[in-house]
Amino acid sequence: MISHPLKTSLNLNYLFSLFHLILTLYSFSNLNPTPHLTLSKHTLRGRDEKSGSLSLVGLSAQDSRDRRRKRELGKWAPEGSDQTTGGVEFKVFYWSRFYETQIRQERSSLKAGRQAMASMEGLIGLMNRIQRACTALGDHGGGGEGANLPTLWESLPTIAVVGGQSSGKSSVLESIVGRDFLPRGSGIVTRRPLVLQLHQIDKGAHDYAEFLHLPKTRFSDFALVRQEIADETDRVTGKTKQISPVPIHLSIYSPNVVNLTLIDLPGLTKVAVEGQPESVVHDIENMVRSYVEKPNCIILAISPANQDIATSDAIKLSKEVDPSGERTFGVLTKLDLMDKGTNALDVLEGRAYRLQYPWVGIVNRSQADINRKVDMIVAREKEREYFENSPDYAHLASKMGSVYLAKLLSQHLEAVIKARIPSITSLINKTIDELESELDTIGKEVAADPGAQLYTILELCRAFDRVFKEHLDGGRSGGDKIYGVFDHKLPAAFRKLPFDRYLSVQNVKKVVSEADGYQPHLIAPEQGYRRLVEAGLAYFKGPAEATVDAVHVVLRDLVRKSIGETEPLRRFPTLQAAIATAANEALERFREDGRSTALRLVDMEAYLTVEFFRKLPQDPDSGSKVGNNTNESNGSGSGSVTVDRYGDGHYRNIASNVSQYIKMVGDQLLHKIPKAVVHCQVREAKRSLLNHFYVHIGKKEASQFGHLLDEDPAMLERRQQCWKRLELYKSARDEIDSVAWTRSSFVHVHPDPCHAGNK
């Protein structure tokens with residue numbers, strides 16, 4: 001049967017109109033509206049009218065949405081038929097270049113959005129991993145066992161949640177997370193910092209939580225999460241409601257959160273509850289202050305709207321540590337609980353208290369909602385409706401609510417992290433070098449092998465010996481004191497010797513008389529000379545012994561200093577004591593040798609050679625006789641001079657001769673005593689200070705070596721702390737290196753869309 005031409009034309013017009021209507025309706029039904037489509041004709045072949053279907057030829061399906069549209073249109077496009085069935089050919093419409101351009105732009109926008117989300121997730125996730133490593137390795141920025149070690153925690157950008165008790169702080173956190181998971185009760189409930197790390201996962205996935213201290217346990221029941229927080233708090237603080245700066249790390253994975261990290265701090269309070277010490281008020285404030293005063297900390301100050309903002313604990317503290325407000329985000333809770341006829345616009349619009357960032361209003365669940373266990377997602381929706389329908393806050397609705405707050409904080413934290421990455425990397429590299437240098441100084445752990453232990457002992461002894469010799473040879477201070485003994489103390493001691501009193505006429509006469517006995521000397525009192533010289537030289541023995549002892553004291557002091565300055569030896573107190581004992585015993589032997597040598601030098605000078613007597617001045621012998629006096633008055637004088645060999649002048653001559661000899665000997669001893677001391681004490685200390693110790697070590701059993709290498713417990717602890725901290729910094733460096741950033745990602749910070757201020 002052949003169709004009538006007019007009828008065919010009417011059918012075609014109807015089809016085109018219907019076709020255009022469907023396309024238009026489909027475009028408006030999309031979430032992302034498409035621009036108006038420009039249509040042009042394309043060939044369609046239809047079967048007979050009985051087929052009732054159309055097929056679109058030449059339509060390109062660019063993505064899943066295009067294919068869906070093609071499938072929808074396929075219901076209306078008749079497939080082609082041959083000429084025998086009365087088929088018709090007509091033109092249909094296909095996508096124009098304009099629409100294809102819009103599709104490409106939309107794809108680029110989606111790709112950029114996915115990249116931005118991946119970047120944000122990577123940056124915040126990077127900080128999360130480093131924070132977990134910090135806590136696991138004992139670095140939580142709150143002092144404690146690693147107080148004297150460098151801290152990485154304090155250099156990481158963080159968001160600290162600060163608020164007074166009953167300010168709605170816990171409700172804000174639960175609203176951001178979308179789950180009930182925090183302990184509730186009266187008094188101080190949060191007694192340890194809670195590092196809350198939020199991870200956004202794919203839609204449709206189930207929420208779960210993980211604790212750092214329980215790495216292999218997933219919590220899908222958030223009532224158990226609440227209980228675990230309470231139990232873990234009690235594990236550290238006990239049941240006495242004490243507080244602790246050691247944080248709890250909780251990671252929550254949910255499709256209903258943004259990537260964000262918050263630190264929930266104990267609520268500020270003014271009164272201690274029963275069972276807590278009175279100091280808890282100041283302890284909490286000091287803990288909170290230790291977080292928020294760091295320049296890398298972003299402060300989330302929670303204040304209730306039904307109280308005067310001027311009395312807000314959070315605002316008061318943030319104003320002290322951040323007077324410019326450039327690190328503070330203000331959150332106003334309990335807007336729905338304000339008295340009728342009042343509102344918080346002065347605060348939210350920045351007139352009452354201005355911050356660099358806009359205030360965000362929050363409407364938490366009421367206590368009745370909490371008791372009825374109203375779902376948090378439902379509560380979010382009620383919060384959104386409250387702001388949209390409120391005559392006071394409707395114009396601010398787009399920038400109010402917990403959902404907006406979470407996005408605001410996430411974007412700001414991502415921008416801050418990106419800006420701080422270079423300085424954090426620099427700090428990490430510098431601290432790694434410092435810790436490795438300190439560990440080199442501390443030394444490695446002691447080997448268990450006896451041969452290696454003996455080698456270590458000998459190496460430490462040689463290290464001590466090198467330091468000791470440096471002191472003696474002038475490389476270090478201390479050796480100059482020995483020269484001071486020789487150049488100052490010994491001559492000064494010689495000058496103080498009482499030779500004037502000893503060689504007085506009375507004493508010389510006494511000594512000579514005692515030496516002569518019952519037979520007085522005839523010409524020169526030989527025995528008297530010998531006694532005067534021997535007794536006079538004995539005065540030199542005191543300074544000689546004092547010189548030996550003074551050098552011994554200097555050497556002992558150098559041993560003590562050298563042990564303390566031998567860095568590798570510091571960690572082994574037992575070996576230090578053994579070396580000190582052996583060295584001091586050796587110095588005692590050297591001192592005895594030096595003393596005996598110095599005294600022998602003095603004693604040797606008591607022997608008077610014939611040359612001494614040859615040089616003595618002779619008395620005149622011009623016919624004079626001893627005992628004959630000149631008597632001019634009786635005329636018996638012969639005119640000759642008579643010398644009295646037992647008069648004072650004679651004894652003065654003897655004293656003068658002895659004095660000259662003693663002075664000569666003293667001058668010689670000023671040179672010989674230092675030589676003897678250096679030879680017997682200083683030289684031997686340099687050559688063989690530990691020789692006896694080496695012999696003693698060689699006779700020890702191999703099992704006894706370990707006892708000598710017992711380390712100082714403080715040094716053991718210090719090494720462990722340094723190793724843990726070095727491991728932390730290296731893991732942080734590896735985490736940063738593992739993130740595949742382009743070079744510009746670290747140095748270029750995109751403008752923060754949230755940093756608009758209160759205009």
Do NZ/NE/NH1/NH2 and the carboxylate oxygens of [X] and [Y] come within less than 4.0 Å?
X: R289; Y: E293; value: no
X: K418; Y: E414; value: yes
X: K730; Y: E727; value: no

Atom NE2 of residue position H282 - does it have more than 12 heavy atoms of other residues, nucleotides or ligands inside 6.0 Å? no
Tested for side-chain contact (heavy atoms from CB on, under 4.5 Å) against S170, the lone hit among D180, V161, L182 is L182
Here the pair of heavy atoms bringing S167 nearest to T333 is O-OG1, 2.7 Å
Minimum heavy-atom distance S175-M376, with the two atoms named |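 What the structure gives for the nearest pair is CA-CE, 3.3 Å.
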Does [X] use its side chain to pair, donor to acceptor, with the backbone of [Y] at less than 3.5 Å?
X: R192; Y: V246; answer: yes
X: R365; Y: V374; answer: yes
X: T311; Y: D308; answer: yes
X: S318; Y: I315; answer: yes
X: K407; Y: V403; answer: no
X: S410; Y: N259; answer: yes

Exactly one candidate in Y253, F181, F222 meets ring pair (Phe, Tyr, Trp, His ring centres under 6.0 Å) with Y208; the answer is Y253
Quick one, [X] and [Y] - any side-chain contact, counting heavy atoms below 4.5 Å?
X: R327; Y: C297; result: yes
X: V292; Y: D322; result: no
X: P215; Y: E210; result: no
X: L198; Y: V177; result: yes
X: I424; Y: I130; result: no

Exercise. Evaluate the side-chain contact (heavy atoms from CB on, under 4.5 Å) criterion for residues L348 and M400: first the C-alpha distance (whole Å), next the side-chain angles of each, then the deciding distance (0.1 Å), finally the verdict.
Key: CA-CA 9 Å; L348 293 176; M400 295 289 119; 4.1 Å; yes
### Message
Students often mix this up, so state it plainly: with edges at 30° and 60°, are the rings of Y357 and F329 parallel, tilted or perpendicular?
### Response
parallel
Parallel, tilted or perpendicular, judged at 30° and 60°: which one describes the rings of F387 and Y393? perpendicular
In E383, R384, R380, the residue satisfying side chain to side chain donor-acceptor pair (under 3.5 Å) with S402 is E383
- Task: Could you list all the salt bridge (Lys or Arg N to Asp or Glu O under 4.0 Å) pairs where at least one residue sits in residues 256-267, not counting sequence neighbours?
- Result: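 Listed by first then second residue: K169-D264.
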The complete set of salt bridge (Lys or Arg N to Asp or Glu O under 4.0 Å) pairs with one or both residues in residues 195-207, sequence neighbours excluded, reads R179-D207
